[in-house]
Structure formats: C-alpha cells, structure tokens
Participant: 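Here's a structure for you.
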Number of protein chains: 2
Amino acid sequence: MKELTKQQTKVLACVEVYLNKTGFPPTRAEICKELGFKSPNAAEMHLRALEKKGYISIQSGSSRGISIVKSQQSFEQTGEQMPVIGLVAAGSPTLAEENIEKRISCDPNMFSDSFDYFLKVKGLSMIEAGIHEDDLVAIKKTTNVKNGDLVVVRLEDEVTLKYFKKTNHSLELIPANKDFSTIEVDLREQEAFVEGKSVGLIRTH
Amino acid sequence: MKELTKQQTKVLACVEVYLNKTGFPPTRAEICKELGFKSPNAAEMHLRALEKKGYISIQSGSSRGISIVKSQQSFEQTGEQMPVIGLVAAGSPTLAEENIEKRISCDPNMFSDSFDYFLKVKGLSMIEAGIHEDDLVAIKKTTNVKNGDLVVVRLEDEVTLKYFKKTNHSLELIPANKDFSTIEVDLREQEAFVEGKSVGLIRTH
DNA sequence: TTATATACTGTAAAAATATACAGTATAAAT
DNA sequence: ATTTATACTGTATATTTTTACAGTATATAA
C-alpha cells in the first residue's frame with residue numbers, strides 16, 4: 001500500500017471520524033469545513049489521491065459516495081474489543097498480551113470519558129462504593145487525577161484501586177470499607193505511580 | 001420498540017443491505033429502484049415512519065443522511081445503540097420512544113447473556129447489592145426467572161427492581177437495604193408481571 | 001357510512017453536491 | 001532553470017437529491 005502524505009492522512013481520518021459519528025460519509029464541503037480548506041476542490045483532489053492509492057473508493061456521480069477500503073484507524077472506534085486486565089498483585093497493569101484475561105466488545109466512549117482497558121477487581125476494599133469482587137472497572141490511562149477520583153496507583157510492585165487524596169507531600173489512598181485502612185504514602189520517601197482513573201464500571205450478574 | 005409494518009421492514013432491510021454493500025446509505029430513488037416503487041415519496045414515507053419508530057435517524061437536508069439506530073439484522077453486530085429507560089413510577093418500562101432517555105453504544109452480548117435495554121435505577125433499595133442510584137442495569141426481557149435472580153417486576157402500575165423469591169402462591173420481592181422491607185404478594189389476590197431480569201450493570205464515574 | 005392508516009403514483013421546485021476548469025504558491029527533483 | 005508534485009483558492013454548472021404537494025387505492029375500525 002502506497003504511503004500517504006500528511007494531508008491525505010488527515011482527510012482519510014476526517015472521513016472515518018465523520019462516518020463513525022454520523023453513519024454516512026461526508027461531502028467535499030464538509031471535509032473542507034472540518035479541515036479548514038476554503039475550496040471543495042481541495043477535498044476533491046485529496047479524495048482522488050486516496051482512491052488512486054487504494055485507501056477509499058469513490059462512486060462517481062453519487063453524493064457522499066465514499067467508502068473506506070483500508071481503514072487507518074480501525075482502532076478506538078465503536079465496537080472495539082476492550083481488554084480486561086486482572087488486578088495482579090505485582091507489577092503494573094500492562095496491556096501486554098499475557099496480562100489480558102479476555103476482551104469485551106464495547107464502545108470505548110460508552111462512559112462519560114473514554115477509557116483504555118477494564119481492570120478486574122480483586123478483594124473487598126471498595127465494597128462500600130458498590131464495587132464488588134470481579135467487577136470490571138473501566139480505566140482511562142492518565143496521570144491527571146484530582147482528589148476524590150477513583151484511581152489505579154502502583155506502589156513499588158503493588159497495584160491498588162482506591163480513592164485519591166493528595167495533601168502536600170503526602171498521598172492518601174482511601175478504601176471504601178471500614179475493615180480496611182487508608183494507605184498513607186510520604187512522597188519524599190516512596191514513589192507512587194498513578195496508572196489511571198476509573199470512568200465507569202460494569203458487572204455481569 | 002414499536003412494531004414495523006411489512007413494507008417498513010423491507011425498507012429498513014434495504015437500507016442496511018445497501019449500507020453493507022456500498023459503505024454509504026441509499027437515496028430515496030435508489031430504495032425505490034431496489035423495491036420496485038415508482039415514486040421517491042414512497043421511500044420517503046417509509047423512512048419517516050422508521051425514524052418515528054426509532055429504527056433510523058434522518059439528517060434533514062443531507063443527501064443519504066440516514067443512519068441505522070437499531071439494526072434488524074442484529075446478528076453478531078457489535079456496537080448497537082442500546083436504549084436507556086428510566087425506572088418510572090407508573091407503567092411498564094416500555095421501549096416506546098418517549099420513554100427512552102438516551103442510547104448507549106455497546107454490544108448486546110457484552111454480558112453473560114444478551115439484553116434488551118438498560119434500566120436506570122432510582123432509589124437506594126438495592127444499595128447493599130452494590131446497585132446505586134443512576135446505575136444502569138442491563139435487562140433481558142423474559143419471564144423465565146428463578147429464585148435469587150434480580151428481576152424487574154410490575155405490580156399494578158408500579159415497577160420495581162428486586163431479588164425474586166417465589167414459594168407456592170406467594171411472591172417475595174426482596175430489597176438489599178435493611179431500611180427497606182420485603183414486598184410480599186399473594187398471587188391469588190394480586191397479579192405480578194415479570195418484565196425481565198438483570199444480566200449486568202454499568203455505572204459512569 | 002365515515003374516518004383513519006397504510007401504501008403508494010406523479011410532479012416539481014429548492015437545495016445539496018460533485019466536479020470541471022482556471023488559477024496561485026511552494027518545495028524538491030532534474 | 002525547468003519540471004514535477006503537493007496543496008491549495010475561487011467560480012461555475014450540471015446533476016443529484018430531498019422534500020413538499022396533490023392525488024389514488026384499499027383495508028380496517030368506529
């Protein structure tokens with residue numbers, strides 16, 4: 001498959017995003033509006049190039065007659081197979097193939113925010129937050145978390161799902177179970193890696 | 001979801017087949033050609049009806065602006081728009097368009113069993129089962145339930161989500177909250193309709 | 001009997017859209 | 001120095017497409 005120029009890549013992505021959002025392809029004018037072109041011919045030329053290189057096909061004479069032949073970003077769209085990762089005792093919850101227990105077909109945007117994987121909950125430390133053993137918590141990989149967020153944090157080689165509270169040099173990881181105690185970390189003494197935060201949860205009955 | 005007439009079913013299938021074949025939706029004229037209609041208005045009217053019943057959505061003013069909301073060929077197709085229904089005080093949780101709060105893109109087979117809609121939880125009666133207010137419980141429409149199942153039951157005009165327990169002529173609907181009491185129904189005196197059972201749950205953090 | 005819903009035909013106009021043509025500008029290759 | 005490829009603007013027009021309106025026909029319900 002021939003390589004695409006920067007602009008051609010943009011146009012192809014634009015078509016795919018539009019298609020995923022609306023269910024039908026964009027017009028030349030809509031591509032222009034999206035990418036800031038001022039002439040429909042700009043879009044036209046890029047589409048012609050994309051067809052020539054085999055990425056799309058254009059049904060001549062039909063409005064919106066664009067179909068994707070070879071998708072660039074088959075990823076991160078709806079109906080993806082999202083990985084489920086066990087909350088392992090040691091090591092980061094990596095997306096390495098050997099850590100993936102299974103995959104669940106769902107939309108990465110089904111919650112308020114997008115997410116990257118499901119973490120399978122072990123233990124009862126968050127039971128009072130309605131988070132049970134074997135629930136799947138949808139995790140968005142980010143270090144941008146604020147107090148009160150439900151976060152995945154790694155301390156040394158241990159990974160845990162807790163409420164986040166940071167005060168000066170101290171980090172508190174708060175459970176939702178009165179039988180468990182808060183983990184307090186002095187950040188001057190010990191490192192803590194925020195792996196991500198929860199944006200949702202699913203449970204199979 | 002409202003029932004479709006024979007012709008509406010044909011038109012919906014036609015749109016889906018065309019979409020699968022070409023990657024973009026058909027025009028009114030193309031639907032006519034496919035189904036043997038002689039007036040574009042025939043297609044137009046069927047499309048309007050399909051939109052009204054919630055099977056497709058039409059972007060007015062756009063050519064080929066049809067997108068599938070609920071696929072008929074619901075075979076193994078991931079990424080459907082599953083309806084969310086509020087747990088209303090009165091009446092059945094019907095799939096009528098006016099009761100659908102929104103739709104969530106996900107796989108109807110993401111849980112152990114398939115499901116038909118999400119029910120938005122009101123109140124705290126199931127809190128000890130980790131089911132919070134505003135959680136979305138995935139409901140499979142069925143009357144085939146057994147003791148211990150989490151079920152949606154309608155008593156008179158009231159709909160409730162509780163644990164199911166049936167003994168002879170008596171039905172118990174058991175909450176998971178010590179501040180609530182079990183609803184006992186003598187089936188010789190009062191009717192109880194099992195609308196469905198829960199196969200899973202999702203929550204947005 | 002009179003509505004009412006379904007299911008169309010036929011026509012036409014307005015709006016959306018593809019697409020051709022004539023240019024401009026820039027960077028890299030020959 | 002000239003060509004070639006990329007990357008557009010701007011305009012215009014033929015065609016496609018939506019969509020409104022005026023009818024016809026049939027079956028079912030009130």
Side-chain angles (χ1 to χ4, degrees), chain A residues 1-15 17-19 21-69 72, chain B residues 1-19 21-69 72 96-98:
Chain A
M1 187 76 63
K2 273 173 190 156
E3 290 266 315
L4 295 181
T5 68
K6 232 173 193 173
Q7 290 303 82
Q8 286 161 9
T9 307
K10 265 193 194 174
V11 172
L12 180 53
C14 172
V15 172
V17 166
Y18 190 101
L19 206 45
K21 216 168 56 182
T22 66
F24 46 89
T27 63
R28 276 53 166 177
E30 284 161 350
I31 295 170
C32 288
K33 200 182 161 194
E34 198 65 35
L35 299 180
F37 304 155
K38 285 176 186 164
S39 166
N41 195 45
E44 180 71 26
M45 289 312 172
H46 287 310
L47 291 174
R48 294 274 175 86
L50 285 167
E51 189 183 33
K52 213 169 199 169
K53 292 184 179 177
Y55 286 81
I56 65 174
S57 82
I58 299 173
Q59 176 128 182
S60 130
S62 292
S63 66
R64 303 176 187 272
I66 305 168
S67 56
I68 302 294
V69 174
Q72 280 304 87
Chain B
M1 187 77 64
K2 275 175 191 153
E3 291 266 316
L4 295 182
T5 68
K6 234 171 192 174
Q7 290 302 81
Q8 285 162 9
T9 308
K10 266 193 191 173
V11 171
L12 180 54
C14 171
V15 172
E16 292 191 53
V17 166
Y18 190 102
L19 207 44
K21 215 167 57 183
T22 67
F24 46 87
T27 64
R28 276 56 165 172
E30 284 161 349
I31 294 171
C32 288
K33 199 182 161 193
E34 198 65 35
L35 299 180
F37 304 154
K38 284 175 185 166
S39 166
N41 194 46
E44 179 72 26
M45 289 312 171
H46 288 309
L47 291 174
R48 294 272 176 86
L50 285 167
E51 188 182 35
K52 212 170 200 170
K53 293 184 180 178
Y55 286 79
I56 65 174
S57 83
I58 299 172
Q59 176 128 182
S60 129
S62 292
S63 66
R64 303 176 187 273
I66 304 169
S67 56
I68 302 293
V69 173
Q72 281 304 87
E97 204 54 37
E98 60 268 24

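Order of the sequence lines sets the chain letters (A, B, ...), proteins ahead of strands, with each chain counted from 1.
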Participant: For the pair made of CD1 in Ile31(B) and C1' in dA7(C), what is the distance, rounded to whole Å?
Facilitator: 15 Å
Participant: When you get a sec, tell me which of dT9(C), dC21(C), dT19(D) is the closest nucleotide to the side chain of Asn41(A)?
Facilitator: dC21(C)
Participant: Looking at every strand, decide which applies to Glu44(B) at a 4.0 Å heavy-atom threshold: base, sugar-phosphate, or nothing.
Facilitator: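 Base: the residue Glu44(B), judged by heavy atoms under 4.0 Å, touches a nucleobase.
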Participant: More 5' along DNA chain D: Ser39(B) or Ser63(B), using each one's nearest nucleotide?
Facilitator: Ser63(B)
Participant: May I ask you to verify if any side-chain N or O of His46(B) is less than 4.0 angstrom from the OP1 or OP2 atom of dC8(C)?
Facilitator: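 Yes, His46(B) has a side-chain N/O under 4.0 Å of OP1/OP2 on dC8(C).
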Participant: Respond yes when some side-chain nitrogen or oxygen of Arg28(A) is under 4.0 Å from OP1 or OP2 of dT17(C), and no when none is.
Facilitator: no
Participant: Nearest whole angstrom, please: distance from the P of dT24(D) to the NZ of Lys38(B).
Facilitator: 18 Å
Participant: Partners of Ser39(A) by side-chain contact (heavy atoms from CB on, under 4.5 Å), sequence neighbours excluded?
Facilitator: Asn41(A)
Participant: If only side-chain N and O atoms of Thr5(A) are considered, is one of them under 4.0 Å from the OP1 or OP2 phosphate oxygen of dA7(D)?
Facilitator: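 Affirmative; the distance criterion is met.
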Participant: Between atom CG in Leu47(B) and atom C1' in dT6(C), what is the gap in whole Å?
Facilitator: 15 Å
Participant: Taking all heavy atoms of Phe24(B) and all of Tyr18(B), pick out the closest pair and write down the distance.
Facilitator: O-CD2, 3.0 Å
Participant: Please report the shortest heavy-atom distance between Ala49(A) and Gln8(A), naming the atom on each side.
Facilitator: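 Result for this residue pair: CB-NE2, 3.3 Å.
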Participant: Among the nucleotides dT9(C), dT19(C), dC21(C), which one has an atom lying closest to any side-chain atom of Arg48(A)?
Facilitator: dT19(C)
Participant: Once you measure the plane-to-plane angle for His46(B) and Phe37(B), does it fall in the parallel (<30°), tilted (30-60°) or perpendicular (>60°) bin?
Facilitator: tilted
Participant: Just compare dT9(C), dA22(C), dT17(D) and give me whichever is closest to any side-chain atom of Phe37(B).
Facilitator: dT9(C)
Participant: What is the distance from NZ of Lys6(A) to P of dA7(D), rounded to the nearest Å?
Facilitator: 10 Å
Participant: Would you kindly give the CZ-to-C1' distance between Arg64(A) and dT19(C), to the nearest whole Å?
Facilitator: 16 Å
Participant: Does the side chain of Ser62(A) get closer than 4.0 angstrom to OP1 or OP2 of dT17(C) through an N or O atom?
Facilitator: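 The answer is no; no side-chain N or O of Ser62(A) sits under 4.0 Å from OP1 or OP2.
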Participant: More 5' along DNA chain D: Gly36(A) or Ser60(B), using each one's nearest nucleotide?
Facilitator: Gly36(A)
Participant: More 5' along DNA chain C: Met45(A) or Pro26(A), using each one's nearest nucleotide?
Facilitator: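 First, find each residue's nearest nucleotide; the 5'-ward one identifies Pro26(A).
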Participant: Does the side chain of Gln7(A) get closer than 4.0 angstrom to OP1 or OP2 of dC8(D) through an N or O atom?
Facilitator: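 Answer is yes, contact under 4.0 Å.
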Participant: CG of Leu4(B) versus P of dA7(C): gap in Å, rounded?
Facilitator: 10 Å
Participant: In whole angstrom, what separates Gln8(A)'s CD from dA7(D)'s C1'?
Facilitator: 10 Å
Participant: If only side-chain N and O atoms count, and only distance matters, is there a donor-acceptor pair under 3.5 Å linking Ser67(A) with Ser57(A)?
Facilitator: yes
Participant: Would you kindly give the CD-to-C1' distance between Gln59(B) and dT19(D), to the nearest whole Å?
Facilitator: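 Rounded to whole Å, this separation is 15 Å.
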